[in-house]
Amino acid sequence: MCTTCGCEQTGNTTKYTIPGREGGHSHDHHHGDGHGNDHSHPHHNEHSHDHGHSHTHDHPHEHYHSHSHDGRGSKVVQLEQDVLAQNNLLAERNRGYFEAKNIFALNMVSSPGSGKTTLIEKIITGSGRDMKFYVIEGDQQTMNDARRIDATGAPVIQVNTGSGCHLDAGMVNKAVKQLNVADNSVLIIENVGNLVCPSMFDLGEGRRIVVISVTEGEDKPLKYPGMFHSSDICVINKIDLLPHLDFNLDKCREYALKFNHKLEFFTVSATTGEGMDELYNWIGEAIS
Amino acid sequence: MHELSIVMNILDIVEENASKNNAVAVHEIELDVGELAGIEFDALGFAFENAEKTKMLKDVKFTVNRITPVARCSNCTHEFDTSAYYSECPRCGSVKTTIVKGNELKVRSFKMD
């Protein structure tokens, strides 16, 4: 159920909110019902919303038979269409937009709790360089991460995916339009904390960064190869905790390289700042 | 967990193309899904059963052609069946292998009236 307008629907609900503008009401309803109306409800011919308007949808009432009576038989339509074609097309549109404006877009993926948000805060506040940062925060619920980024002064938009387990190119496309990203800037997209599903969805990013923290165990790449296979950069975070843990950095790198021999590594502690200079340099070079 | 949104995409694709073909009903959707496409086959089946469907698609059945991944060795060009992103070449033992098949996620065809 949509928490803003209270309307019932079974598809995904995505909400876009900029901190300080929480009163706005902007979300999509994806029903896959074939008629492109943001407030379409296939099962209800008439309904009203909490925010004080009602409307009626006309539905065709022809009786469709699921089988043929006239002996013609069914027709087979060959399609050969990639299911993710629509996402990939939108991702390429995003990518073209980013390239034209020299926006360095990073898609940051990891399991929940690896320290993505802290890492982003550190990148924004700690680099000491004259770089402009914009952030898209993806979470199923809450504005918490957007508020943290907002406190750093960087423009941010929170995308709440509701039941969705990943961001897709369409969400990024909508979020970027609301965020008004300036030319020659860095756009950091913090994906929903999930090491599985986001690997399938190209957002149009310039680089995909998988973050793993040393508290997670060095065999994460073996357990979730898809994400390491599809990423360009691997940031190993929380290395300040290494003395307290039985975590083998070399083994972790070795496992990750098995699935992707082009993967580049940064070992950092976003909390203490250790190793962050290399990361700042890398970002700085990418947009210069 | 993303299988439901994948299924919604599939239903949209079929609905759109079935409408173009003036369909009144779609009976069957045939999918090609690679074992490395990032799809859990059981979850896909569950999502299909439970996804909200339009009138045109309400009785649709689906069949999945499960595609075994194939890797090619960069060292000796040998191609071999595999089940993982990482596999050693069975002929020369090299680990420089690349997946060339098994990432597919396609609507191959649908049957309509």
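Keep in mind it's a predicted model, so treat the numbers as computed, not measured. The sequence lines fix the lettering, A, B, ..., with proteins before strands; numbering per chain opens at 1.
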side-chain contact (heavy atoms from CB on, under 4.5 Å) between A:I236 and A:C252: does it pass, once the steps are laid out? CA-CA 9 Å; A:I236 304 177; A:C252 183; 4.2 Å; yes
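- For a residue to count as touching a neighbouring chain, one of its non-hydrogen atoms must lie under 4.5 Å from one of that chain's; by this rule A:Q86 does not touch chain B.
- With a 4.5 Å cut-off on non-hydrogen atoms, B:A37 touches chain A through its backbone but not through its side chain.
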Step-by-step salt bridge (Lys or Arg N to Asp or Glu O under 4.0 Å) determination, B:E79 to B:R72: CA-CA 4 Å; B:E79 287 194 1; B:R72 181 188 291 134; 2.7 Å; yes
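- For the 3.5 Å distance criterion, the side chains of B:E16 and B:S19 fail to qualify, holding no donor opposite an acceptor.
- If you tally non-hydrogen atom pairs under 4.5 Å between each of A:L84, A:V77, A:V196, A:V76 and chain B, the highest count goes to A:V77.
- Ranking A:Q78, A:H261, A:Q81, A:H166 against chain B, the residue ahead of the rest is A:Q81, based on heavy-atom pairs under 4.5 Å.
- Residues of residues 218-230 of chain A lying under 4.5 angstrom from chain B, judged on non-hydrogen atoms, are A:P225, A:G226, A:H229 by number.
- Heavy-atom minimum distance, B:I13 versus A:D82: CD1-O, 4.0 Å.
- Taking the centre and axis of the six-membered ring of B:F80, the NZ or CZ atom of B:R91 falls outside the cone set by 45° and 6.0 Å.
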Test side-chain hydrogen bond (donor to acceptor under 3.5 Å, both in side chains) applied to A:S74 and B:K111, step by step: CA-CA 6 Å; A:S74 299; B:K111 199 183 279 181; over 6 Å; no
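- With 3.5 Å as the limit, one finds no donor-acceptor pair spanning the side chains of A:N160 and A:D139.
- When heavy atoms are compared at a cutoff of 4.5 Å, B:V95 does not approach chain A at all.
- In terms of modelled atom types and a separation under 3.5 Å, the side chain of A:K75 and the main chain of B:A23 share no donor-acceptor contact.
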